[in-house]
Amino acid sequence: MSIQTAKRLETVKEYYFSTKLREVRSLIASGKPILNMAIGSPDLDPPQKVLEEIKSALFEEGAHKYQSYQGIPEFRQAIVDFYDQKYGVSLDVEKEVLPLLGSKEGIMHISMAYLNEGDKVLIPNPGYPTYTSVSKLLRAEPIYYDLDEQRNWEPDFEALEKEDLENIKMMWVNYPHMPTGASGNLALFKRLVAFAKEHKILLVNDNPYSFVLNENPISILAVEGARDVALELNSLSKTFNMAGWRVGMVTGCPDKIGAVLKVKSNMDSGMFLGIQKGAIAALRIEEVWYKRMNAIYEERRKLIWELATVLKCSFDREATGMFVWAKLPEGKDAEEYIDHLLYEHDIFIAPGSIFGDKGNGYIRFSLCIPEQQIKEAINRLQVAV
Ligand SMILES: Cc1ncc(COP(=O)(O)O)c(C=O)c1O
């Protein structure tokens, strides 16, 4: 018997990678030697200490009970210390941090806490597709602001000021930016905070890529007065190779964190203790961890640049983050080209168009793939091109 789904479901499609990876898995099952360089899921292990912590937590008294909705105090303190040491931002351990089951769920929780039907939401184009789908699921209206290579993928404030900003409730920003790798900077953050204040907009910086091939990690909360209008999402997925653990956080002023907690505490019942213990160890890891990871990503990135060059793509060597964002030769359609590479050469790369129409003509390579496999892709394509 078919039961009618909610109207909101008609506003979204299943997530691109959810469907495409199903196809890729079936190609692999049929024996195809697929090289997957599409998704930003770190292939390396988390720090050893993190694994030891989750293991020993399994046997702690009370480990398998529901945990606090706000995370255990030691975890919140580790977040506070991390923000202090890495970004120079001081946070109130009781009221200004909230652990999340990954930052992706935070996008939904923040949106549920602030958006009414019909509210407008400023979303970067290109940008992470979840900002759009969550807004649509809540019957809010995405309003895209274009990011261009010429402007180093930063918003055009003059163009923004000309928009009708009347019903804009919220603005998503994401620096370091995915998919382009633009790093962002304090001057940009100051301008964004001023813009949000002037127009009474909730500004949310989604910040999971601060520590991947990025010299100067910054938090939007470092801007004076940012807490009046801004929240920040952060994540352990990329920095500590813990994507599958589902650990993230939202930080900001007490009333906004309280609003998010009001939603979240009605939707889940705390995070598994072992995961929190592992997360504490990760956040307190020595500096050498970051250096070691970045050295690996740097070598991989050189090879990806080589691969992009074989494909006659152009790219920015100054870009940060876990991906290489590359422009296809003029006239090539990203999705067609991606399918050609997948079906003819068994190589899976993400088409830029899934991040918005401003991503047309671009492709995104992930650095979450061992050097040997990137070399294999270069070999396959050098023979073919
Ligand atoms: C821009 C951006 N935000 C959020 C996320 C979600 O990360 P998490 O694993 O913390 O949910 C991703 C993951 O790819 C991302 O690229």
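Counting convention: from 1, in listed order, for ligands and their atoms alike. Source: prediction; values computed, not measured.
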L283 vs F75, side chain to side chain contact (heavy atoms under 4.5 Å, CB included): CA-CA, chis, key distance, verdict: CA-CA 9 Å; L283 292 168; F75 181 24; 3.7 Å; yes
Nearest neighbour in protein (non-hydrogen) for atom 9 (O) of ligand 1: S237 OG, 2.6 Å
Over 12 foreign heavy atoms within 6.0 Å of CD, E10: yes
Per-residue contact class, P208 against ligand 1 - non-hydrogen pairs under 4.0 Å: side chain
Contact (N/O only, under 3.5 Å) between Y128 and ligand 1: no
Protein heavy atom at shortest distance from atom 16 (O) of ligand 1: Y209 OH, 2.7 Å
N174 N/O to ligand 1 N/O under 3.5 Å: no
Residue and atom name of the nearest protein heavy atom (relative to atom 3 (N) of ligand 1), distance in Å to one decimal: D206 OD2, 2.5 Å
Ligand 1 versus M178: contacting region, heavy-atom distance under 4.0 Å: side chain
Per-atom contacts of ligand 1 with S235, taking only distances under 4.0 Å to non-hydrogen atoms: 8 (P), 10 (O)
Identity and separation of the nearest protein heavy atom to atom 11 (O) of ligand 1: R246 NH2, 2.7 Å
Under 3.5 Å side-chain donor-acceptor pair for Y83 and N234: yes
K238 N/O to ligand 1 N/O under 3.5 Å: yes
F323 and its ring pair (Phe, Tyr, Trp, His ring centres under 6.0 Å) partner, picked from Y209, F365, Y128: Y209
Test item: side-chain donor near acceptor, N125 and D357, under 3.5 Å: yes
For atom 7 (O) of ligand 1, closest protein heavy-atom neighbour: S103 OG, 3.3 Å
Check: E161/H199 side-chain N/O donor and acceptor closer than 3.5 Å: yes
Where ligand 1 meets G102 - atom numbers and elements under 4.0 angstrom, heavy-atom basis: 10 (O), 11 (O)
Side chains of Y87 and S210, donor plus acceptor under 3.5 Å: yes
Verdict with reasoning, E96 to R227, per salt bridge (charged side-chain N to carboxylate O under 4.0 Å, His left out): CA-CA 10 Å; E96 294 191 319; R227 263 169 257 215; 2.9 Å; yes
